[in-house]
Structures are given as structure tokens and as C-alpha cells.
2 protein chains.
Amino acid sequence: MTQRPYNFSAGPAVMPVEVLQQAAAEMLDWQGSGMGVMEMSHRGKAFMSICEAAESDLRELLAVPTHFRILFMQGGGLAENAIVPLNLARGGTVDFVVTGSWSQKSAKEARKYAAATVIASNESDGHTSLPDPATWKLSRDAQYVHICSNETIHGVEFHELPDLQALGSNAPLVIDFSSHVASRPVDWSRVGLAFGGAQKNLGPAGLTLVVVREDLLGRALSICPSAFDYKTVADNGSMYNTPPTYGIYMAGLTFQWLKRQKEGAFTGIAAMEERNIAKAALLYNFIDGSQFYVNKVARDCRSRMNVPFFLRDESRNDAFLASAQEHGLLQLKGHKSVGGMRASLYNAMPLEGVQALVNHMRTFEQTQA
Amino acid sequence: MTQRPYNFSAGPAVMPVEVLQQAAAEMLDWQGSGMGVMEMSHRGKAFMSICEAAESDLRELLAVPTHFRILFMQGGGLAENAIVPLNLARGGTVDFVVTGSWSQKSAKEARKYAAATVIASNESDGHTSLPDPATWKLSRDAQYVHICSNETIHGVEFHELPDLQALGSNAPLVIDFSSHVASRPVDWSRVGLAFGGAQKNLGPAGLTLVVVREDLLGRALSICPSAFDYKTVADNGSMYNTPPTYGIYMAGLTFQWLKRQKEGAFTGIAAMEERNIAKAALLYNFIDGSQFYVNKVARDCRSRMNVPFFLRDESRNDAFLASAQEHGLLQLKGHKSVGGMRASLYNAMPLEGVQALVNHMRTFEQTQA
């Protein structure tokens with residue numbers, strides 16, 4: 001195969017070549033079973049073994065403690081914006097920290113089910129900073145505190161999760177980690193529930209990951225659909241309804257790929273983090289050293305995964321995108337709500353892809369002089 | 001490739017070999033785009049073209065009238081059991097006809113959101129018949145009437161949809177057609193909404209199809225999650241949240257396969273119906289002529305898709321299943337709530353597969369004499 005283009009899509013996003021190759025090879029016959037994975041009953045031995053391996057590999061990779069349950073669900077982050085308050089809000093107060101489009105959407109949807117309070121926001125600076133946790137106006141009676149730990153659209157990332165207990169709150173922290181899950185370790189001691197769509201770092205769209213502390217199960221409102229009641233899903237090993245079996249299989253192959261990764265002395269997620277730090281530094285350093293491109297996010301909270309950037313002369317945007325596409329650099333157009341460009345540097349994007357992007361950005365600038 | 005085993009799973013279920021082969025071939029590069037379908041932004045031109053083709057092919061195949069909207073959703077039939085009343089019940093009365101496990105589950109879940117009334121039931125005969133629509137006790141003020149048009153577990157199928165208007169009701173008919181969608185034409189003049197998981201006749205698990213009459217949009221309760229509000233989904237072309245992109249692609253390949261099918265003078269769904277009639281007749285006729293096997297469903301409502309059958313001597317069940325497996329006849333075990341065996345004869349099961357099953361059943365009977 002010739003060199004694949006580098007695909008910077010924010011999601012659904014690039015997947016590891018080895019994972020796609022294995023999936024293609026097994027499409028008609030999984031390990032001599034005479035069936036493709038899509039064709040297997042979810043209650044049969046073959047698929048059960050695939051699902052159990054996926055869950056235990058993920059638990060190992062993310063070091064998920066035993067008092068957390070791993071749930072494979074459907075509906076993505078937008079559905080979770082309703083499902084989380086249906087399960088955890090108990091009709092009470094919920095605190096939201098707004099740091100970009102995703103946390104804003106979460107707060108809006110939660111108002112259907114709870115008194116959702118915005119306790120901190122970076123709206124005044126165009127979602128380019130992180131409000132210091134010391135300034136958050138935590139509600140005394142909050143059922144939980146919601147943050148989006150990486151804002152895919154605005155490119156703002158929590159590099160350290162807030163320690164709510166140290167801030168005087170016993171509310172569980174809920175994190176939407178869709179767009180940086182598996183890119184770095186998670187400090188589970190600070191988390192009550194984490195959710196994310198798979199389509200950035202884990203696998204195909206249509207699979208949703210929920211990791212939830214056991215003591216938070218069983219709190220759902222009676223109006224919560226059974227298929228989205230975390231306790232029902234947990235009690236049935238993610239098989240209350242037919243799960244997205246192929247998505248779980250692809251995520252499982254991705255987890256195996258992650259376990260094989262090494263970077264110096266590091267393996268698995270730690271190896272990915274090393275690479276992700278290097279990839280992000282390469283791109284941000286180039287942008288910061290340029291008079292032609294700019295990134296507007298405060299340095300202490302720039303996302304390693306999603307790098308929105310702008311040409312100072314925006315009349316050149318179309319030419320930039322066309323020329324990038326010609327050079328095998330795909331899906332770089334920024335989200336319509338922000339404009340400009342966005343390069344997503346998920347786990348499956350190699351350092352070589354970021355190097356190719358930087359080289360192209362430099363060349364493009366020179367040709368525009 | 002050697003002969004594939006015949007896979008009789010009730011779902012997720014066998015898929016057409018040509019569809020799997022094309023998916024495998026395109027896994028790393030869809031039509032020269034440099035991306036696999038899983039890696040494409042759902043808002044990019046490439047995936048949009050895949051999704052639009054899938055929708056228009058399905059509309060053509062099922063002859064869906066223009067005043068119905070086709071929605072690609074997530075959560076499967078069990079999630080729809082909540083989503084339908086959240087969208088259509090308006091907190092009022094809903095009528096259910098119980099003909100097996102699936103309609104029973106639907107009625108139970110609907111009670112969270114509406115006054116769900118069972119207006120007819122075949123429970124007294126173990127879900128082996130269809131209550132005559134003339135006997136249904138339709139509520140005057142029902143927001144809709146729900147049936148499961150094919151009961152996957154009990155093998156009971158409506159061979160004609162009830163004509164509610166002729167019965168004096170203006171309520172829309174809701175059909176759960178998960179397990180026989182695309183196996184036969186649909187009389188849309190009698191339907192308000194049809195829903196189904198894809199994992200039987202359409203594609204992989206994780207994709208849910210909803211076909212809804214336009215005038216039924218915009219009735220959702222305020223507690224309906226936005227991602228499951230039919231109007232929101234319709235207004236956004238099934239892209240309010242990231243759809244299960246790969247599932248839509250696989251369903252689209254299946255729709256193209258369906259369009260290519262011919263049987264005598266028939267094409268598409270009409271061709272499939274001819275084949276499905278022949279397949280079902282072959283198996284039921286053999287069972288009815290046997291003293292060794294039995295099917296308990298009334299002849300006028302036997303499912304063409306799901307054939308539950310029993311060995312009269314149930315002590316031979318394990319031997320039957322083991323011997324079937326040895327002969328490349330897979331996933332024949334009946335649902336735990338019914339027991340015995342179940343052969344699912346979806347579109348992708350060729351007549352040769354049913355012939356092989358019948359041959360094996362005959363041989364097994366002889367060896368047990």
C-alpha cells in the first residue's frame with residue numbers, strides 16, 4: 001500500500017492501520033468461527049469473549065479501579081447529556097463549568113431534568129481559557145459537578161482534573177472525556193463518572209463508553225428509559241439491549257493495539273501520552289513561532305488532541321485547505337462555530353503526520369509571501 | 001473460500017457475503033478517498049453521500065411515501081420502547097396488542113410515560129396465535145396502537161397489517177418491524193410509525209431505523225432527550241448527534257445488494273419475499289410432516305423469518321445442536337424463554353441453507369431411531 005493520507009478529522013477520526021487491517025482480514029470469518037463479528041449473536045460464546053476482553057483490556061489500560069463499572073452504551077455524548085442527569089441528578093441541583101460548546105450543550109440539556117447552574121465560564125474570552133477551580137461557585141447541594149475535560153471544538157483541555165474534595169465539595173465529578181479518553185491517564189480518585197463517544201480515540205461512532213463509580217448506580221429517575229439506566233445496563237453486563245457489537249469489537253482491537261505501544265520506557269497509555277505531548281508541542285511551537293498562523297487558547301490549557309488554528313489572513317483559508325488536501329492532509333477545516341482550521345491529533349495520528357502538517361504549513365506560508 | 005457455514009442466528013445475524021467482501025475491501029480506503037468509512041467526519045462530503053444514498057435506496061426498496069421521514073438512530077428496539085411513547089404518547093392512552101415477548105416488553109416500558117392498555121393478547125395460548133383485529137378493544141382516545149409485526153422470539157407474524165381506520169380508529173399504528181423489515185413490502189397506508197433494530201435484515205447492531213409519518217413529528221414530551229426527539233433528528237437529517245456511521249454504510253451496502261436481487265419476474269423486496277416464502281414453506285412443511293419435530297404456532301401467523309421448533313423428545317436437544325454445529329449449521333439454539341430450537345431465515349440466508357438444515361434434521365431423526 002502507498003502512504004495513506006494523514007486524516008486530521010475531529011471525529012469520527014483516523015484509526016490505527018493495523019486495527020483496520022485485522023478487521024478487514026476477519027470480516028468474513030472471525031478466528032475460524034465461520035462467522036464475521038457482525039453476524040454473531042451478542043449472547044453467544046464468541047462475542048461474549050470479545051466483549052469481555054475489550055472490557056478487561058480497557059480496565060487495564062486506563063487503570064480503572066474495581067469499584068467502577070465499565071458500560072458500553074449507545075447515543076454518543078449528546079445522548080449522555082440527557083442520560084447523565086436522568087441517572088444522577090435526582091431532580092436536584094447540578095453544577096456546570098462551561099469551557100466551550102460541549103459543556104454548554106451539556107448544561108442546556110440538563111435543564112430538562114435538573115436545576116443546572118453554571119458555576120464558572122470562560123465565555124467572556126471566547127472559550128480560550130480555563131476558569132481556576134478556586135473561583136468556582138460550587139453549590140452546596142449539587143448532585144454532581146460536570147466538566148468537559150477536553151473541548152473538541154474550542155481546543156481547551158483540563159491538564160489536571162479539579163479536586164472537588166479539596167474545594168470543600170462532596171459532589172461527584174462527571175467528566176465528558178470523549179475527545180481525549182485514552183490519550184493520557186485518568187485520576188479516578190477525583191472522578192465519579194466519565195463518559196465519551198468512541199469515535200475519537202477508541203473506535204467507530206455509535207459506541208459510547210461510560211465508566212461509573214458503583215455507589216452512583218441505582219439513582220435514576222423513573223422517567224429514565226430502561227436501556228439508558230446505568231444500573232440496568234451494569235446489571236446486564238452492557239447486554240440489556242443488543243449492544244453495538246461491531247463497535248465493541250473494533251474498540252477491543254484498538255485496546256490491544258494500545259497495549260502493544262511502547263515509547264522509551266513507557267507502554268500503553270503512558271506511551272501514548274509521551275507521543276501526544278511530543279505531537280502537540282511540535283504543532284503549537286511551530287504556530288507560536290509563526291507570524292502567519294495563530295492559536296488563541298491560553299498556553300496552560302491547550303488541548304493535546306484538538307488544535308484549532310487560524311491563518312491571520314483568512315482570505316487564504318480555501319487555498320490552504322485545497323493545497324493541504326492535495327498533499328494528503330485531510331479534514332483540516334475548523335468547526336463552523338469557530339472557523340479557521342483544526343488539526344486533531346488523536347492516538348492513531350503518528351508524529352510523522354504532524355511533521356508533514358508543519359512542513360506543509362511552512363511551505364504554504366512561503367508560497368504566499 | 002470454502003463453503004461458509006449457515007448461520008441461523010436471530011440477530012445479530014448473517015449478512016450477505018458480497019456485502020462483507022466489499023466492506024473488507026474498502027476498510028482502509030473508501031473509493032480512493034484515502035480514508036476508511038469509519039474514519040470519515042459524518043459532516044464531510046464522502047460520508048454525506050454514503051448516508052444520502054442509503055436513505056434514498058431504502059426509500060425506493062420499501063416504497064416509503066414522501067410524507068414519511070426516514071431516521072437513522074441508536075439504541076435498538078428496547079430503547080425505542082421508551083422513545084416512541086416519549087415522542088407520541090403525549091402522556092395519554094396507548095393501546096398495545098401483546099403477541100409475544102417483544103410487544104410485552106414494549107407495553108411495560110410505555111407505562112413509564114403513558115396509560116398503556118393491553119387491548120388484545122395471545123398470552124393464554126403461549127403466544128402462538130394472533131388475536132383477530134375485529135376483537136381488539138381499541139381505546140377511543142388512544143394516541144397510537146402498538147403491535148410487534150413479527151415476534152422474533154415466539155415466531156408469530158402479522159401477514160397483513162391491521163386496518164385501524166376500518167376498525168373505526170383514527171389512531172396511528174406503530175409497528176416494531178425489527179425482525180422482518182425488508183423481508184416483504186409494507187402497506188404504509190396503514191402505518192404511522194415503524195421502527196426496528198438493524199441487526200436482523202439491514203446491517204450491524206447499533207443502528208436503529210425509524211420511519212415516521214411527518215404529521216407525527218413535534219409531539220415529544222419535554223422530558224424526551226433531544227437526541228431521541230424525532231423532530232430534532234429529522235430536522236438534522238439524522239445528524240443531530242454523530243450517527244453510527246459504519247452501521248449506516250453497511251446498511252447502505254445491504255440496500256444495494258437488495259436492489260440487485262432478482263427472483264423470476266421480481267426484483268428487490270418483492271424478490272426477497274418470493275424467496276422468503278419458499279424458504280419458510282420448505283422448513284414448515286418438513287416440520288409439519290415429521291413426528292420428530294414440532295412447531296406450535298398457528299398456521300395463519302407463522303413467521304417467515306423466525307421459526308421456533310422443538311424436538312418432541314427434548315432430551316435430544318444438546319445432541320441435535322452439537323451435530324448441527326458439526327455440519328456447519330450455526331446458532332440454532334432457541335431463546336431461553338421458549339426453549340427448543342429456532343431457525344432464523346433472514347434475507348441473507350439462501351434457500352440452500354434451509355435445504356441443508358432440513359436435510360440435517362431428517363438425517364438426525366434417522367440416526368436417533
Side-chain angles (χ1 to χ4, degrees), chain A residues 1 4-5 7 9-15 17 20-21 23-25 27-29 33-36 38-42 44 47 74-79 81-83 86 109 112-113 197 199 203-207 222-228 240-247 250 328 330-331, chain B residues 1 4-5 7 9-15 17 20-21 23-25 27-29 33-36 38-42 44 47 74-79 81-83 86 109 112-113 197 199 203-207 222-228 240-247 250 328 330-331:
Chain A
M1 198 175 76
R4 294 191 94 202
N7 175 358
S9 174
V14 60
M15 294 185 64
V17 171
L20 294 173
Q21 285 170 334
M27 181 65 81
L28 281 93
D29 185 10
S33 65
M35 301 178 278
M38 267 180 232
E39 305 177 294
M40 293 173 179
S41 166
H42 54 299
F47 183 73
Q74 298 180 55
L78 278 177
N81 284 345
I83 295 169
L86 278 164
E109 183 79 359
K112 293 183 167 197
Y113 313 104
Q199 67 270 19
L207 172 65
S222 63
I223 55 167
C224 181
S226 303
F228 303 120
Y240 173 74
N241 54 351
T242 310
T245 51
Y246 201 72
M250 292 299 299
L330 308 182
Q331 305 202 91
Chain B
M1 200 174 74
R4 294 190 95 202
N7 175 358
S9 173
V14 59
M15 294 186 62
V17 171
L20 295 174
Q21 286 170 332
M27 182 65 83
L28 282 91
D29 185 10
S33 66
M35 300 177 278
M38 266 180 232
E39 305 175 295
M40 292 175 180
S41 167
H42 54 299
F47 182 74
Q74 299 181 54
L78 279 178
N81 284 346
I83 296 168
L86 279 165
E109 182 79 0
K112 292 184 167 196
Y113 313 105
Q199 67 271 19
L207 172 65
S222 63
I223 55 166
C224 181
S226 303
F228 303 120
Y240 173 74
N241 54 350
T242 309
T245 51
Y246 201 73
M250 292 300 298
L330 308 183
Q331 306 202 94

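Every chain is numbered from 1, with letters handed out A, B, ... down the list of sequences.
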Return the option, out of [options], with the maximum number of heavy-atom pairs under 4.5 Å with chain B.
{"options": "A:Gly11, A:Ala13, A:Pro5", "result": "A:Ala13"}
{"options": "A:Ala82, A:Gly206, A:Pro225", "result": "A:Pro225"}
{"options": "A:Gly203, A:Gly75, A:Gly44", "result": "A:Gly75"}
{"options": "A:Gly36, A:Gly34, A:Pro243", "result": "A:Gly34"}

> Given the options B:Gly247, B:Cys224, B:Gly328, which has more heavy-atom pairs under 4.5 Å with chain A than any of the others?
Replying inline: B:Cys224

>> Shorter than 4.5 Å, heavy atoms on both sides: which option in B:Tyr246, B:Phe47, B:Tyr113 has the most such pairs with chain A?
In response: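 Result: the option with the highest number of such pairs is B:Tyr113.
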
> With sequence neighbours left out, what residues match A:Phe228 under ring-ring contact (aromatic ring centres under 6.0 Å, His included)?
Replying inline: B:Phe228

Approximate separation, where rounding is to 0.5 Å, of [X] [atom1] and [Y] [atom2]:
{"X": "A:Met27", "Y": "B:Met15", "atom1": "CE", "atom2": "CE", "value": "8.5 Å"}
{"X": "A:Met35", "Y": "B:Arg4", "atom1": "CE", "atom2": "CZ", "value": "9.5 Å"}
{"X": "A:Asn81", "Y": "B:Ser226", "atom1": "CG", "atom2": "OG", "value": "8.5 Å"}

> Between B:Gln331 (side chain) and A:Ser41 (backbone), is there a donor-acceptor pair under 3.5 Å?
Replying inline: yes

> So, B:Gln199 side chain and A:Thr242 main chain: donor-acceptor pair closer than 3.5 Å or not?
Replying inline: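 Pair absent, no side-chain N/O of B:Gln199 close to backbone of A:Thr242.
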
Nearest atoms (heavy-atom pairs only) where [X] meets [Y]:
{"X": "B:Leu78", "Y": "A:Tyr240", "result": "CD1-O, 3.1 Å"}
{"X": "A:Thr245", "Y": "B:Ala205", "result": "OG1-CB, 4.0 Å"}
{"X": "B:His42", "Y": "A:Pro12", "result": "ND1-CD, 3.5 Å"}
{"X": "B:Gly76", "Y": "A:Gln74", "result": "N-OE1, 4.3 Å"}

> Checking heavy atoms, do the side chain of B:Ser222, its backbone, both or neither come under 4.5 Å from chain A?
Replying inline: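 Only the backbone of B:Ser222 comes within 4.5 Å of chain A.
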
> Tell me, side chain or backbone of B:Leu20 under 4.5 Å from chain A's heavy atoms, or both, or neither?
Replying inline: both

